[in-house]
There are 2 protein chains.
Amino acid sequence: MEDLAARLGVTKSAIYHHFAGKDALLAEALDHALSGLEAVAGQVRELDRPAVERLELLVRRSVEVLVERLPYVTLLVRVRGNSDVERDALARRRRIDRLVAELVGEAVSAGDLRPDVDPAVTARLLFGLVNSLTEWLRVDGRHEAPTLAAAVSTVAFDGLRVG
Amino acid sequence: MEDLAARLGVTKSAIYHHFAGKDALLAEALDHALSGLEAVAGQVRELDRPAVERLELLVRRSVEVLVERLPYVTLLVRVRGNSDVERDALARRRRIDRLVAELVGEAVSAGDLRPDVDPAVTARLLFGLVNSLTEWLRVDGRHEAPTLAAAVSTVAFDGLRVG
DNA sequence: CGATTTCCTGACCGTTCGTTCAGTATTGAT
DNA sequence: ATCAATACTGAACGAACGGTCAGGAAATCG
C-alpha cells in the first residue's frame, strides 16, 4: 500500500478514502481480469460451432483479453488463495478452466484433437501456455494482440514442427 | 520463517542455527532448482545432433527435472527479482533461456521449426509451457515424469490437432 | 457568498515478521 | 568423566506494514 501510494504521488490515507482496504482494492483489480475472461467464455459457450473451433476461439480471445488487461491478468495468475478475496477469484477462474476442459473433451470425442494425451492435461497445458504470456509480455507495441493470439493458437494446435 | 519453523516442529531460532538468514535459505533452494536445469542445459549443449532434437531433449529433460525437484522449480518460477539473491537466480535462468532461444533459431534456420512464428516468441512460449506445469502438478503418482515430458513435447512440437 | 461534500495529509497505533542472543540440553570425542 | 562442539529454546528487539483518525484544503452546489 505504501509503494502504491508513493507511485500515485499521494499518501496511504488517500487510498483508504477510495477503497475499504487492501482486499477491496485487490478484489476490484481481480474482477477486472475475471470479467473480461468470463465475457469471452460466455461468448464462446453460446456459439453453435464444433468444439475445436470454439476452443480455438476461446484461446485467441483469451490472449486478446490478456494483452488488453495485462496488469490485471498478471495479478490474477499470481493469486494463490491466501485470503477470501483470492479464494473467490480462484473459484471464478476454476469455472472457466472447467469450460476449457469440457471443450477439450468434446473436441477429442469429435476426433478433432489428439486422444493420446490426457484431456485434463491437455486443457491445463493449453491455458498454461496462454497464461505464460504474463511472464514476459510487455505492452510496448512490439507484439500486437491478434498476432500474438495467432502465434499461441498455431503453436498449441498445429505445433512448432514443420511438415 | 515462522510458518516454516512451525512446519518443521522447531522454533525460528533453530533455523538460524543452520542458515545465515532468509536469503541464504532461499539461495540454497533456488540453487537446487537451477543446478538441475543447468545440468541438462550443459548436457544438451554438448550433444552432436540437429538443433530440433537437442531442443526437444532439453524440453523433455527440463520437464523431468521440474517433476523431480518440483517445490524448488516452483519457487524459482515465482521469483521476481525483489532481492540480490532473486536477481542472481534470474540471471542464471536467463542464461538457460538464451540457450533455448539459440536452439530455436538454429532449428528454424535448419528448416525444422516453422518460421512463421517469431523465434523469440517461440522460445518463450516453449518454456512458458514447460514452467506452467508448476501451476497444477502434484507429485502423487498420477503423472509419471516421462509420460508428462512426452505430453509436453508432443503438444509443443506436433500440436493438439489431429492430422 | 456560505455550506456541504469530496479529497487528502500527517501522525499514530497494533501486528507481523526477520533477526539476535544469552542460556541450555544433547551429542561425540578423548 | 571431561570437555567441546553441536543443536536447540525463549525472550526480546526493531523495522516494515496495514490500517485509523482528527483535521484541513479543494471542489461543488444552492
Side-chain angles (χ1 to χ4, degrees), chain A residues 1-37 69-94 131 134-136 138, chain B residues 1-38 66 69-94 131 134-139:
Chain A
M1 298 299 277
E2 268 168 1
D3 291 354
L4 192 58
R7 184 101 156 223
L8 291 168
V10 294
T11 60
K12 273 188 294 178
S13 316
I15 298 177
Y16 282 90
H17 178 69
H18 298 281
F19 295 91
K22 199 188 176 186
D23 268 17
L25 193 56
L26 180 62
E28 275 205 30
L30 291 176
D31 182 70
H32 192 240
L34 285 162
S35 64
L37 296 171
R69 307 186 182 186
L70 185 56
Y72 305 94
V73 177
T74 301
L75 195 64
L76 179 62
V77 300
R78 292 189 188 172
V79 158
R80 305 288 164 201
N82 295 322
S83 66
D84 284 343
V85 168
E86 293 198 3
R87 278 184 287 276
D88 284 356
L90 284 184
R92 287 173 70 181
R93 238 190 102 177
R94 252 180 266 121
N131 292 331
T134 60
E135 294 289 319
W136 56 272
R138 297 293 169 264
Chain B
M1 299 300 277
E2 267 169 2
D3 291 353
L4 193 57
R7 182 102 156 223
L8 291 167
V10 294
T11 60
K12 276 186 292 178
S13 317
I15 298 177
Y16 282 89
H17 179 68
H18 297 281
F19 295 90
K22 198 189 178 188
D23 268 17
L25 194 56
L26 179 62
E28 273 205 31
L30 291 176
D31 182 69
H32 192 240
L34 284 163
S35 63
L37 295 172
E38 285 165 349
L66 182 146
R69 307 185 181 186
L70 185 56
Y72 304 94
V73 177
T74 302
L75 196 63
L76 179 63
V77 302
R78 292 188 189 173
V79 159
R80 304 290 163 200
N82 294 321
S83 66
D84 283 342
V85 169
E86 294 197 2
R87 277 183 287 275
D88 284 355
L90 284 183
R92 287 172 70 181
R93 239 190 101 179
R94 253 179 265 122
N131 292 331
T134 60
E135 294 289 318
W136 56 272
L137 230 196
R138 298 292 169 266
V139 273

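Numbered from 1 within each chain, the chains take letters A, B, ... in sequence-line order.
- Between B:L4 atom CG and B:K12 atom NZ the span is 11.5 Å, to the nearest 0.5 Å.
- Side-chain proximity of A:K12 to the nucleotides D:dA12, D:dT9, D:dG18 is greatest for D:dG18.
- A:L37 is not listed as a side-chain neighbour of A:R69, based on a closest heavy-atom distance of 4.5 Å or more.
- The base of C:dT19 has none of its N or O atoms less than 3.5 Å from a complementary donor or acceptor on the side chain of B:K22.
- Note: CZ (B:F19) to P (D:dC8) measures 12 Å, nearest angstrom.
- Atom CG in A:L25 sits about 16 Å away from atom P in D:dC17, given to the nearest Å.
- In this structure, CE of A:M1 is placed 6 Å from P of D:dG19, rounded to the nearest angstrom.
- Listed candidates were C:dT9, C:dC17, D:dG19. Nearest to the side chain of B:E2 is C:dC17.
- For the salt bridge (charged side-chain N to carboxylate O under 4.0 Å, His left out) test, residues two or more places apart in sequence or in another chain that qualify with B:E135 are A:R80.
- Separating the CG atom of A:L8 from the P atom of C:dC7 is a distance of 15 Å, rounded to the nearest angstrom.
- Not a single donor-acceptor contact under 3.5 angstrom links the side-chain atoms of A:S13 to the base of D:dG19.
- Here the side chain of A:A14 is nearest to one of D:dC8, D:dG19, C:dC8, namely C:dC8.
- B:H18 places none of its side-chain heavy atoms less than 4.5 Å from the side chain of B:V10.
- Note: NE2 (B:H18) to C1' (D:dA5) measures 13 Å, nearest angstrom.
- Of the candidate nucleotides C:dT6, C:dG10, D:dT9, C:dT6 has the atom nearest to the side chain of A:H17.
- Atom OH in A:Y16 sits about 17 Å away from atom P in C:dG10, given to the nearest Å.
- Rounded to a whole Å, the CD1 atom of B:I15 is 10 Å from the P atom of C:dG18.
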